[in-house]
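Below is one structure; the comments refer to it alone.
This is a predicted model, so every value here is computed, not measured. Only this structure's heavy atoms are used, side chains among them; waters, hydrogens and symmetry mates stay out. Chain letters run A, B, ... following the sequence lines, proteins first, then strands; residues in each count from 1.
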Amino acid sequence: MLGQATVLPLSENPTVQIDAVQLEKILEVALLTASEPLSLAELKKLSDAPVENHIIEKMLEQLAQEYTGSGVELNRVANGWRFRACPEMQPYLDRLNPQKPPRYSRAVMETLAIIAYRQPVTRGDIEEIRGVAVSSQILKTLETRGWIDVVGTRDTPGKPELFATTKQLLDDLNLRSLQELPPLEEMSSLLEHDEI
Amino acid sequence: MLGQATVLPLSENPTVQIDAVQLEKILEVALLTASEPLSLAELKKLSDAPVENHIIEKMLEQLAQEYTGSGVELNRVANGWRFRACPEMQPYLDRLNPQKPPRYSRAVMETLAIIAYRQPVTRGDIEEIRGVAVSSQILKTLETRGWIDVVGTRDTPGKPELFATTKQLLDDLNLRSLQELPPLEEMSSLLEHDEI
Amino acid sequence: MKTSAQSPGNTHGVHIHGQPLLEMPLDLYIPPDALEIVLETFQGPLDLLLYLIRKHNLDVLDIPMAQLTQQYMVYIEIMQRNRLELAAEYLLMAAVLIEIKSRMLLPRLSKLVDAEEDDPRVELMRRLLEYEQMKLAAQKLNELPQAGRDFELIQVLIERVEAQRLPDVTVEDLRQAWLALLARAKLNTHHRVRREELSVREQMTRVLRQLRHGEFEAFENLFEASGGIAPLVVTFIAILELAKETLVEITQTETMGNIYVRASHSLTAE
C-alpha cells in the first residue's frame with residue numbers, strides 16, 4: 001500500500017536522513033515476502049541508517065492501518081510482525097486448496113492444553129491429569145508441529161523431560177504471549193454448573 | 001489495496017449480481033497467499049457467481065496497476081498470475097536472508113592454486129601435479145569467473161594452451177601482485193619438515 | 001473470536017463428533033456400533049466419570065458413590081462384552097471407586113477430624129475438576145483460529161533474478177589448496193615440487209600476455225623500467241625461462257642489433 005506514507009521524524013539525530021516512504025515500502029515488501037514473522041531487530045536491518053525501535057513500530061502500525069478493510073492484516077505475534085489473510089477469507093481460499101490440514105484429536109488437544117497451562121510439565125504430570133497414558137505419538141505430533149519442546153529435565157529419579165510450549169504455537173494461534181490464551185474456567189464455575 | 005476498486009460490469013447477464021469490490025479483494029488475498037501462480041480457471045473459482053474471463057483479467061490488470069510503485073508486482077506468467085517482490089528490492093531482502101555463498105570444490109581450488117603458483121601452465125601440467133585428470137568444467141568455471149585465461153600455447157605436440165591468472169583474480173583477492181600470495185618458500189619448507 | 005466446527009455452545013456436556021450426547025440409556029438395548037463409537041470417544045476413566053456426573057446431574061462436591069460406581073461398572077461391563085480394548089486405567093478407576101464406596105460405609109473413627117478432610121471422595125473430586133478444567137481449555141484452544149487451518153499466511157515470491165552468486169575465495173583458501181597439493185605431493189615422493197620465485201612466474205605471464213598479438217616485440221619493450229633494478233632482473237630471468245620452455249622465440253638479425261621476441265605460437269583462438 002503505497003502513496004499514503006507520511007514523513008516521520010526518523011531519528012532524534014537530525015543529521016541522519018532516512019527516506020520514510022522508501023523505508024515503509026521496504027518494510028512492507030520484507031513482511032510480504034517473509035516466511036516467518038520478522039522481529040524488530042530484523043526489520044531494523046532494512047534501514048540504511050540506524051533507526052530507533054519506536055520509529056519502526058510507528059511505521060508498522062501505520063502499515064497495519066493501511067491494510068484495514070482489505071483481506072490481509074499485519075499482526076504482531078510472539079516472534080515479531082507478519083502478514084496473514086483474514087480468517088474470513090478462508091472459505092474462499094479453501095476453494096483453491098480443498099485439502100485441509102487434519103484436525104487434532106481430543107487427546108492431542110488435551111495434552112497441548114495441559115502443557116500450555118501447566119508448563120513446564122513432564123509426561124507423568126500430563127498422565128496424572130488426563131488419567132490415562134500419554135502415547136509417544138501424541139507428544140511427537142506436537143513436537144513435529146513445532147508447538148512444544150523439551151526445556152529441561154526434572155531433578156527426580158529417571159530425570160523426566162519437561163515440556164513447554166513454543167513461540168511457534170503462539171505465532172500459529174496469532175497470539176503475542178501465553179497470557180492471551182483463553183482463560184481457564186474457574187473451579188467455582190465448574191462446581192456451580194449443574195445443568196446440561 | 002482496497003478502496004480504489006471500481007465497479008465493473010461483471011457479467012453480460014444482468015441478473016447475476018457480483019460484488020466487484022469484494023471479488024477483487026478475494027483475488028488479491030488469494031494471489032498473496034498462493035505459493036504457485038494461479039490460473040484464470042482457478043481464480044474464477046473464487047467468485048460466488050460465474051464470471052467471464054475478461055472480467056477477471058480486467059480486475060487483475062487493475063490490481064497490478066494498484067501495486068505499481070510498491071515493492072511488489074503482480075505478473076502474468078506462463079502458468080497464470082502471481083505476485084513477486086520487485087527485483088530492485090532484492091538487496092534489502094538479502095539483508096534478512098544472507099545466503100551463504102557457494103564454495104568451489106577442492107578440484108577447482110587446487111587447479112586455481114596450481115595456475116597461480118606455476119603459471120603459465122598447461123592442462124597437462126596441472127594434471128601432473130594433481131595426479132588426476134582436470135575436467136574442462138573446472139577450467140571453464142575459472143575462466144568464466146574471469147580468474148584465469150589463456151596466454152599462449154606451448155610449442156609441443158598438440159600445442160597445449162597455457163593458462164595464467166588474471167588481474168581480476170588479484171582484484172578479487174584484494175592483492176596488488178602475485179607476490180602478495182602466501183610465499184612458496186613457506187610452502188616448501190612445510191614440505192621439507194614433517195608437519196601438515 | 002471465531003467459532004469453529006467444534007460446537008462451542010454447550011461446553012459442559014459430552015460431545016461426540018460435535019453433537020452433544022444427551023441420551024445414554026443405561027439398562028436398555030444399545031446398538032453395539034454406536035456404543036463402540038461412544039466408548040472410543042472417552043478420553044479415559046476421568047472423562048467417562050465426568051460424563052456420568054454431568055449427565056445425571058450429580059453434585060461433584062457430594063458424589064453419590066453408590067450410584068456413580070454402579071453406572072461406571074455398567075460401562076466397563078459393556079466395554080468388556082464388546083471386547084473393546086480396555087485400558088488398564090478403566091479397571092484401576094473401578095477399583096478406586098469401590099474402595100471409596102467401601103470406606104464411606106465404614107463408621108468414622110475420629111470425630112475430631114474435619115469431616116471434609118476425612119472424606120475419601122476429596123481426591124477423586126480434585127482430579128475430576130482438574131481434568132474438566134483442562135478438557136474445557138483444550139476445547140477453547142481448538143477453537144482458536146490456527147495458521148494453515150483457519151487462516152493462511154501471506155508469502156509473496158522472491159525471485160532471485162540476479163546472476164547466481166559466485167563463491168568467495170580468499171587468499172587463505174588458495175593457500176589451503178596449495179598446502180593440500182603439497183601434502184599429497186609429499187606422499188608421491190617421485191613428484192618434485194620445485195622451489196621457485198613466484199615473481200619470475202608472474203613476469204613470465206606478463207611477457208606472454210604482452211606477446212599475445214603474435215608479432216615480434218622489441219626486447220627492451222618487455223621491461224618495465226620504472227620499478228628499479230630488481231624487477232628488470234626478474235623480467236630478464238622470466239624471458240630466459242620462457243625461452244628455455246620454448247614458449248618464446250628470441251631473434252637477433254645482426255650482431256649487436258635489436259633483439260626481438262615473439263610467442264612461439266600465436267593464439268589462433270584469440
**Report entry** Option that, when pairs with chain B are counted at under 4.5 Å, heavy atom only, ranks first among C:Gln210, C:Arg209, C:Glu172
**Finding:** C:Arg209
Query - Side chain, backbone, both or neither of C:Ile154 within contact of chain B (heavy atoms, under 4.5 Å) - result: both
Query raised in the report: B:Leu175 versus chain C, heavy atoms under 4.5 Å apart: side chain, backbone, both or neither?
Result: side chain
Query - Heavy-atom proximity to chain C below 4.5 Å, by part of B:Arg106 - result: side chain
Query - Atom CD of B:Gln168 with >12 non-hydrogen neighbours under 6.0 angstrom - result: yes
Query raised in the report: Under a 4.5 Å cut-off applied to non-hydrogen side-chain atoms, are B:Ser35 and C:Gln155 in contact?
Result: no
Query raised in the report: Do you know which of B:Ile114, B:Val72, B:Asp172, B:Leu112 has the most heavy-atom pairs with chain C at a distance under 4.5 angstrom?
Result: B:Ile114
Query raised in the report: When rounded to the nearest 0.5 angstrom, what is the spacing between CG in B:Leu162 and CE in C:Met204?
Result: 8.5 Å
Query raised in the report: Crowded around C:Phe236 CZ? As in, over 12 foreign heavy atoms under 6.0 Å?
Result: no
Query raised in the report: Crowded around B:Asn174 CG? As in, over 12 foreign heavy atoms under 6.0 Å?
Result: no
Query raised in the report: How close do C:Glu202 and B:Leu178 get, heavy atom to heavy atom, and via which atoms?
Result: OE2-N, 2.8 Å
Report task. Check the surroundings of atom CD in B:Gln65: do more than 12 heavy atoms from other residues, nucleotides or ligands lie under 6.0 Å from it? Result -> no
Query - Minimum-distance pair of heavy atoms, taken over all atoms of C:Thr246 and B:Asp155 - result: O-CB, 3.6 Å
Query raised in the report: Any donor and acceptor pair, going by atom type alone, linking the side chain of C:Arg212 with main-chain N or O of B:Val150 inside 3.5 Å?
Result: yes
Report summary line: Interatomic distance, OG1@B:Thr122 vs CD@C:Glu245, rounded to 0.5 Å, equals 9.5 Å
Query raised in the report: Side chain, backbone, both or neither: which part of B:Asp149 has a heavy atom under 4.5 Å from chain C?
Result: side chain
Report task. Specify the closest pair of heavy atoms between C:Leu208 and B:Pro120, including all atoms of both residues, with the distance to one decimal. Result -> CD1-CG, 3.5 Å
Requested in this report: Determine whether more than 12 heavy atoms belonging to other residues, nucleotides or ligands lie under 6.0 Å from atom NZ of B:Lys45.
Outcome: yes
Query raised in the report: Are any side-chain N or O atoms of B:Gln119 and backbone N or O atoms of C:Thr205, one a donor and one an acceptor, separated by less than 3.5 Å?
Result: no
